[in-house]
Chemist: 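Here you go, one structure.
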Amino acid sequence: MSAARAILLRDLRLGLRSGAGTAQALMFFLILILLIPLGIGPDTELLARIAPGTLWLGALLACLLSLDRLFQADLEDGSLDVMALAPLPLELVAAAKAAAHWLSTGLPLTLASPLLALALNLPVAALPWLMAALALGTPALSAIGGIGAALTLGLRQGGLLIAILTLPLYIPTLIFGAETAIAAADGRDPLPALALTTALTLATIALAPFATAAILRIQLR
């Protein structure tokens, strides 16, 4: 576990040092959400109605931006071969790298979401539920993204292929994550949708590292 923690901390340090992944994701999220009112006009009721889905879609697309580098940099400098030959199971390597991706991308997006939700006129009562759904749902985006990053390892235009491969897998999390905030905004009980979002994330975290590791082993042969 200490080796997995070292990989997680290394990826976090590299991400914070370059600043590219977090900054790009936050800027994309900010610009996309702020462009929505310009595109559909100053209809505050319409903005409030589409706010949960728009914020979730923005977070999903922002997470995709940095996934193509999840394993690519390690492949280029030979680190991935060393990790594959090390005693640490490749499943734990995949889990640690997905966790680092979420901490540097999903968590900042979650913390920034209330301000952008207010810009879309989402009711204040729904903000805690929106943050809870994003905090519990975005780890699944990073875990599933690891599968896409492994599948496209070494390919040109890998980012576009990751989007094509992983977007269908994101649909359940997107639906139940957005429904949590929609239910809270409508005065309905958001707990069932939040529970389903959490269940999807737990199942994804449990299974995705095994799929990612299996694909990496095939890619490294």
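We're numbering straight along the sequence, starting at 1.
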Chemist: Are Thr138 and Thr201 side-chain neighbours, meaning at least one heavy-atom pair lies under 4.5 Å?
Modeler: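 No, their side chains stay 4.5 Å or more apart.
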Chemist: Please indicate whether Phe28 has more than 12 foreign heavy atoms, meaning atoms of other residues, nucleotides or ligands, lying under 6.0 Å from its CZ.
Modeler: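 Above 12, so yes.
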Chemist: If two hydrophobic side chains count as joined below 4.5 Å and joins carry through other members, does Leu202 share a cluster with Leu191?
Modeler: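 Looking at the clustering, Leu191 is in a separate group from Leu202.
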Chemist: Does any non-hydrogen side-chain atom of Leu8 lie less than 4.5 Å from one of Leu103?
Modeler: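 Yes, at least one pair of side-chain atoms sits under 4.5 Å.
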Chemist: Only one of Leu47, Leu35, Thr54 clears side-chain contact (heavy atoms from CB on, under 4.5 Å) with Ile40; which?
Modeler: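 That would be Leu47.
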Chemist: I need the minimum non-hydrogen distance between Ser142 and Ala98, along with the two atoms involved.
Modeler: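 Distance-wise, the nearest heavy atoms are CB-O, 3.5 Å.
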Chemist: Closer than 3.5 angstrom, by distance alone: can the side chain of Asp11 be matched with the main-chain N or O of Ala100 as a donor-acceptor pair?
Modeler: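 Answer holds: no.
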Chemist: Flag yes if Tyr170 and Ile175 sit in one hydrophobic cluster, no otherwise; membership is Ile, Leu, Val, Met, Phe, Trp, Tyr, and two members link when side-chain heavy atoms are under 4.5 Å apart.
Modeler: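 Different clusters: Tyr170 never reaches Ile175 through Ile, Leu, Val, Met, Phe, Trp or Tyr contacts under 4.5 Å.
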Chemist: Which heavy atom in Ala117 sits nearest to a heavy atom in Leu130, and how many Å separate them?
Modeler: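 Reported closest heavy-atom pair: CB-CD2, 3.7 Å.
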Chemist: For the atom pair CG (Leu75) and CG (Leu153), what is the distance rounded to the nearest 0.5 Å?
Modeler: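 These two atoms lie 4.5 Å from each other.
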Chemist: Taking Thr166 for its side chain and Gly145 for its backbone only, find out whether a donor-acceptor pair lies under 3.5 Å.
Modeler: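 Answer holds: no.
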Chemist: Please report the closest heavy-atom contact between Thr173 and Ala140, naming both atoms and the distance.
Modeler: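 Between these two residues, the closest heavy atoms are OG1-CB, 4.1 Å.
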Chemist: Quick one: are Leu111 and Met131 in side-chain contact, heavy atoms under 4.5 Å?
Modeler: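 The answer is yes; the side chains approach within 4.5 Å.
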Chemist: Do Leu92 and Pro209 come close enough that some side-chain heavy atom pair is under 4.5 Å?
Modeler: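 No; the side chains remain at least 4.5 Å from each other.
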Chemist: Any donor-acceptor pair under 3.5 Å linking the side chain of Thr22 with the backbone of Ser104?
Modeler: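 A pair under 3.5 Å: yes.
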Chemist: Could you tell me whether the side chain of Leu109 reaches within less than 4.5 Å of the side chain of Leu134, counting heavy atoms only?
Modeler: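 The answer is no, as the side chains (C-beta and beyond) never meet within the 4.5 Å cut-off.
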Chemist: With respect to Leu116, which candidate in Leu55, Leu122, Ile36, Leu32 satisfies the side-chain contact (heavy atoms from CB on, under 4.5 Å) definition?
Modeler: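 Result: among Leu55, Leu122, Ile36, Leu32, Leu55 is the only option passing the side-chain contact (heavy atoms from CB on, under 4.5 Å) with Leu116.
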Chemist: Kindly give the heavy-atom pair with the smallest separation between Trp102 and Pro108, and that separation in Å.
Modeler: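 That closest heavy-atom pairing would be O-CD, 4.2 Å.
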Chemist: Do the side chain of Trp56 and the main chain of Gly177 share a donor and acceptor less than 3.5 angstrom apart?
Modeler: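 It does hold such a pair.
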Chemist: State the CD-CG distance between Gln72 and Asp74, to the nearest 0.5 angstrom.
Modeler: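 Between Gln72 CD and Asp74 CG, I get 9.5 Å after rounding to 0.5 Å.
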Chemist: Less than 4.5 Å apart, any side-chain heavy atom of Leu61 and any of Leu64?
Modeler: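 Side chain of Leu61 against side chain of Leu64, heavy atoms only: contact under 4.5 Å found.
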Chemist: About how many Å separate CG of Leu174 and CD of Glu179, when rounded to the nearest 0.5 Å?
Modeler: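 That separation rounds to 11.5 Å.
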Chemist: Nearest 0.5 angstrom please: Leu141 CG to Ile144 CD1, how far?
Modeler: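 Going from the CG atom of Leu141 to the CD1 atom of Ile144 covers 6.5 Å.
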Chemist: Identify the heavy atoms of Thr180 and Trp129 that sit nearest to each other, and give their distance.
Modeler: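 Distance-wise, the nearest heavy atoms are CG2-O, 3.8 Å.
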Chemist: Please check: side-chain N/O of Thr105 versus main-chain N/O of Cys63, any donor-acceptor pairing under 3.5 Å?
Modeler: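 Judged by distance alone, no pair lies under 3.5 Å.
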Chemist: Among the clusters formed by ILVMFWY side chains lying less than 4.5 Å apart, do Ile33 and Val124 turn up in the same one?
Modeler: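 Yes; tracing contacts between hydrophobic side chains, which count when under 4.5 Å, links both residues.
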Chemist: side-chain contact (heavy atoms from CB on, under 4.5 Å), that's the test. Do Leu60 and Leu167 meet it? Break it down for me.
Modeler: CA-CA 9 Å; Leu60 187 157; Leu167 280 175; 3.2 Å; yes
Chemist: Is a side-chain N or O of Asp186 found less than 3.5 angstrom from the main chain of Arg188, in a donor-acceptor match?
Modeler: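 Checking the backbone N and O of Arg188 against the side chain of Asp186, no donor-acceptor pair under 3.5 Å is found.
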Chemist: Starting at CG of Leu67, measure out to CD1 of Ile147 and round the result to the nearest 0.5 Å.
Modeler: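 Spacing of CG (Leu67) from CD1 (Ile147) equals 11.0 Å.
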Chemist: Is there a side-chain contact between Thr152 and Asp68 (heavy atoms, below 4.5 Å)?
Modeler: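 No; the side chains remain at least 4.5 Å from each other.
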Chemist: Please report the interatomic distance CZ(Phe210) to CD1(Ile215), rounded to the nearest 0.5 Å.
Modeler: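 Phe210 CZ to Ile215 CD1: 13.5 Å, rounded to 0.5 Å.
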Chemist: Compare every heavy atom of Ala25 with every heavy atom of Ala62, then report the nearest pair and how far apart it is.
Modeler: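 That would be CB-O, 3.6 Å.
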Chemist: Are Lys97 and Ile7 close enough that some pair of their side-chain heavy atoms sits under 4.5 Å apart?
Modeler: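 Result yes, sub-4.5 Å side-chain heavy-atom pair found.
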Chemist: Is there a path of hydrophobic side-chain contacts, each under 4.5 Å between heavy atoms of I/L/V/M/F/W/Y residues, joining Leu46 to Leu34?
Modeler: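 Yes, Leu34 connects to Leu46 through the hydrophobic network.
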Chemist: With hydrophobic residues grouped by side-chain heavy-atom distances under 4.5 Å, do Leu30 and Ile50 end up in a single group?
Modeler: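 Yes; tracing contacts between hydrophobic side chains, which count when under 4.5 Å, links both residues.
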